[in-house]
Protein chains: 2
Amino acid sequence: MNLNERKLQILQAIISEFINTAEPVGSRYLSKSYNMGISPATIRNEMADLEDMGYLTHPHTSAGRVPSDKGYRLYVDELMDAGELPEEKKQAIQSRLDQARRELDNTIEHAADLLSEITQLTSFAVAPGNLKSRLKYVQFLPVDSNTVVLMIVAEDGQVVNKAIRLSVPYKEKDLELMSKMMTRNYMGKKVTALMAMNIVEDFTKDMHSLSALARDVAPSFMKTLEKMLDAELYMYGYTNLFKLPEFSADMERAVSFLRVLEDRDYLTDVLVNRDSGVIITIGDENAEAMKDCSLITADYCVNGRYVGKLGVIGPTRMRYGQVTSVIKYICDHLSDTFQIEEEDYGKD
Amino acid sequence: MNLNERKLQILQAIISEFINTAEPVGSRYLSKSYNMGISPATIRNEMADLEDMGYLTHPHTSAGRVPSDKGYRLYVDELMDAGELPEEKKQAIQSRLDQARRELDNTIEHAADLLSEITQLTSFAVAPGNLKSRLKYVQFLPVDSNTVVLMIVAEDGQVVNKAIRLSVPYKEKDLELMSKMMTRNYMGKKVTALMAMNIVEDFTKDMHSLSALARDVAPSFMKTLEKMLDAELYMYGYTNLFKLPEFSADMERAVSFLRVLEDRDYLTDVLVNRDSGVIITIGDENAEAMKDCSLITADYCVNGRYVGKLGVIGPTRMRYGQVTSVIKYICDHLSDTFQIEEEDYGKD
DNA sequence: GTTAGCACTCATTAGTTGTGAGTGCTAACA
DNA sequence: TGTTAGCACTCACAACTAATGAGTGCTAAC
């Protein structure tokens, strides 16, 4: 049994119909509304074939057909239209994004927010910590008699800081000295390399004059470095899910969905380890916890260098074509915005 | 009609019963289980009085009684027990919190997380930006040919930073110069005062040598200052709500609850503007959007100075006594942990 | 290969009824 | 005068029934 033109046509009709209505699609309706010139009975035969091949299923005997994950996969790969966005939509997105284009972090957050608004799904943006980033300098700032702020700056401009409570008194001079020593010792080293080192020992050896202070600070220093490698996750529109018929009918399902979204560490992990490019994963192609969801993600770049991902998560029934187009466009637009502005530089 | 001892006793019984079961409480059950030595009929008379006084309501004619918001208020003010936590619970909380006690931000997050776990409600912690904070220094760090990081440090140790894309080229020297000029001009000034100033004009006047650069940076500088006054909000356990019977039965209600939680700006605003101390607000005592919720918050301090709030949000039916005890204890413990460690200082 | 016809399935909805928890009221009681 | 037993009444809820209708699968004819 092979997928001839007519079978594909019927599959496409069923899937786009189901995506719109969330109701199982029957043969009679199809025959009428999509006037393909064949009778319901013929369509039923074809449907039965498509079901045998695994592209469709049945919620129960007397219901219409519903796409399976495999069916969606075929749809996404072969049938759907994820073309260019119409010009007016592009304009609308642009004007919304260009408001704060000088600021990297804000822009990404806005983009994610906008994405959830347009798609009416849950959107997220993730900016993984740069594994290759190298330390630029370390600085301790005095705050009050027993609190200092540790600040670490990486060569790529990432800054992390942490307030630290000390159990021993310090002199401003000591802090300065320690800042300088640490900067000298660790400058240019990869953050990952530093984390593998036995810094605590290092500290007490190199900085005997400051040993008590240094020993106090070492664990926090490691924690702060860790923070540098941590990914940042933004998430928007998780109540959008409840507007969808599949969830407003089925509370259980909605809650198990929410629980996945609540586990930010898990979600971050999934996203960070995801392949690059425009990636769509459908239902059981995802890990067990997300086998009822589909994810679409794409990458955005700064100066052509990969920086993070933007995407949506939703039920397997979603407008794959439109959503993909929007995500693609937003990511491309972000990457363009954060391209080195050569024209500007040329001017001066 | 006044609230005699017996009425109070009945009210207390109804409320604690309802808090446990989420089912309307009937007169017969009360008479049997709480053996107060009076018949159901008498209890019914008292109940009718309590209802006239506004402390109870009726979901429908043939149902038992349910506390009203006013009833909960009386309960919270007069009847409930929010005493000391038993020693073993204190121990458990302490040991969970003491893991990362050198790091301020982590500890607060852990505390909020723990709070949601213990209470099985949604917890949050908010650390409002310090309105009195004064600027300590400003620094621009070069990242790549058209990106710099702006870093602002306040006297109290708060650090904010932002990556900024420039449209004009810069020299490292210019950045240094600008950092120095801004630090000199703004050091010791209140952040709120700076925000009221017309910095953009200031910039072009004071720094004519850097005018293009300065003009480019000014709006981002303002935005970054803003960030310094923004409150940080952490939230944990919002799916806990779905475990409660009032929400698993009534989807609508759960969703409208979630929508409130999703609006972080609104929630932050409510929390920041809340009175100090251990505050309980019940049902319609809250703003319209939260008229079905109750909030309990308390403050935590660092070095005796007010720093932020920790609390829970849940349905009006909650274990006010226990939850209040836990929140109080956690806040006190945090404040102790972040008290200047005089003993330690004495040693050296 | 296509289609009309028909029996069959099954979710959904509306209607019906019984049950039980609980109230409010009244009249009798201490 | 406060307390209580008794009883009629209310109303949510669950169980059952029947009707409806959308849709399938199969068969036989075209």
Side-chain angles (χ1 to χ4, degrees), chain A residues 1-11 13-15 17-18 20-53 55-68 245-246 248-250 253, chain B residues 1-11 13-15 17-18 21-53 55-68 71 245-246 248-250 253:
Chain A
M1 201 150 35
N2 65 338
L3 273 171
N4 57 28
E5 189 56 36
R6 192 170 70 182
K7 280 199 175 62
L8 283 176
Q9 220 182 329
I10 290 174
L11 186 62
I14 292 174
I15 295 184
E17 195 61 32
F18 185 72
N20 278 323
T21 62
E23 297 291 327
V25 184
S27 56
R28 181 127 68 105
Y29 176 83
L30 227 54
S31 160
K32 266 188 199 161
S33 305
Y34 280 73
N35 54 337
M36 306 193 249
I38 46 177
S39 77
T42 312
I43 292 179
R44 279 206 289 282
N45 287 331
E46 298 286 39
M47 280 173 157
D49 289 351
L50 285 167
E51 188 165 349
D52 287 345
M53 289 186 266
Y55 296 113
L56 296 176
T57 25
H58 248 161
H60 57 86
T61 341
S62 69
R65 289 321 201 285
V66 162
S68 67
E246 45 265 76
S248 50
D250 183 354
R253 216 181 138 193
Chain B
M1 201 151 31
N2 66 337
L3 273 171
N4 56 28
E5 191 54 37
R6 192 170 69 184
K7 281 200 175 61
L8 284 177
Q9 220 182 328
I10 290 174
L11 186 62
I14 292 174
I15 295 184
E17 195 61 33
F18 184 72
T21 62
E23 297 290 329
V25 183
S27 56
R28 180 129 66 107
Y29 176 83
L30 226 54
S31 160
K32 268 189 200 159
S33 305
Y34 281 72
N35 55 337
M36 305 193 250
I38 46 176
S39 75
T42 312
I43 293 178
R44 279 205 291 280
N45 287 331
E46 297 288 38
M47 280 172 157
D49 289 353
L50 285 167
E51 187 165 352
D52 286 345
M53 289 187 265
Y55 296 112
L56 296 175
T57 26
H58 246 163
H60 58 88
T61 341
S62 70
R65 289 324 202 282
V66 162
S68 67
E246 45 264 77
S248 50
D250 185 352
R253 219 184 135 192

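In the text below, chain A, chain B and the rest are named by the order of the sequence lines, each starting its count at 1.
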Original post:
Just checking, any donor-acceptor pair under 3.5 angstrom between side chains of A:Tyr34 and A:Glu17?
Top reply: yes
**OP:** Compare the minimum distances between each of C:dA4, D:dG25, D:dA12 and the side chain of A:Ser39, then state the nucleotide with the smallest one.
**Re:** C:dA4
**OP:** Would you mind telling me which of D:dT4, C:dC10, D:dC7 lies closest to the side-chain atoms of B:Arg44?
**Re:** D:dC7
Original post:
Once you round it to whole Å, what is the distance between P of D:dT24 and NE2 of A:His58?
Top reply: 6 Å
**OP:** Could you tell me whether B:Arg65 and B:Glu51 have a side-chain N and a carboxylate O separated by less than 4.0 Å?
**Re:** yes
Original post:
Over how many whole Å does the gap from B:Asn4 atom CG to D:dG2 atom P extend?
Top reply: 11 Å
Original post:
Nearest nucleotide by nearest heavy atom, which residue falls closer to the 5' end of DNA chain D, B:Thr61 or A:Ala48?
Top reply: B:Thr61
**OP:** Would you classify A:Ser62 as touching base, sugar-phosphate or nothing, given that sugar-phosphate means primed atoms plus P, OP1 and OP2, and contacts are heavy atoms under 4.0 Å?
**Re:** base
Subject >> Heavy-atom closest contact (B:Leu11 atom, B:Tyr55 atom, distance) >> reply: CD1-CB, 4.0 Å
Original post:
Atom CD of B:Glu46 and atom P of C:dG22: how far apart are they, to the nearest Å?
Top reply: 19 Å
Subject >> Nearest-angstrom distance from the residue atom CD of A:Glu5 to C1' of C:dG1 >> reply: 18 Å
**OP:** State which of D:dT10, C:dT3, D:dG25 makes the closest approach to the side chain of A:Arg65.
**Re:** D:dG25
Original post:
Rounded to the Å, how far apart are A:Asn45 CG and D:dT27 C1'?
Top reply: 11 Å
Original post:
Where the side chain of B:His60 is defined as all heavy atoms beyond and including C-beta, which of D:dA12, C:dC10, D:dT4 is the nearest nucleotide?
Top reply: D:dA12
Original post:
Should B:Ile38 and B:Glu46 be marked as a side-chain contact (heavy atoms from CB on, under 4.5 Å) after you check the CA-CA gap, both sets of side-chain angles, and the distance that decides it?
Top reply: CA-CA 11 Å; B:Ile38 46 176; B:Glu46 297 288 38; 5.5 Å; no
Subject >> Residue matched to D:dT10 through Watson-Crick or wobble contacts both under 3.5 angstrom >> reply: C:dA21
Original post:
Whole-Å distance between D:dA22 P and A:Glu17 CD?
Top reply: 15 Å
Original post:
With a 4.5 Å limit on heavy-atom distance, are the side chains of B:Val66 and B:Ile14 in contact?
Top reply: no
Original post:
From D:dT3, D:dC11, D:dT24, pick the nucleotide closest to the side chain of B:Thr42?
Top reply: D:dT3
Subject >> Paired nucleotide for D:dA28 [Watson-Crick or G-U wobble; both distances under 3.5 Å] >> reply: C:dT3
Subject >> Spacing between A:Glu23 atom CD and C:dC10 atom P, to the nearest angstrom >> reply: 19 Å
**OP:** Measure from CG on B:Asp49 to C1' on C:dT23 and round the result to the nearest Å.
**Re:** 14 Å
Original post:
Where the side chain of A:Ala41 is defined as all heavy atoms beyond and including C-beta, which of D:dT24, C:dA4, C:dT9 is the nearest nucleotide?
Top reply: C:dA4
Subject >> Nucleotide nearest A:Ile38 (side chain, heavy atoms from C-beta), chosen from C:dT23, C:dT3, D:dT24 >> reply: C:dT3
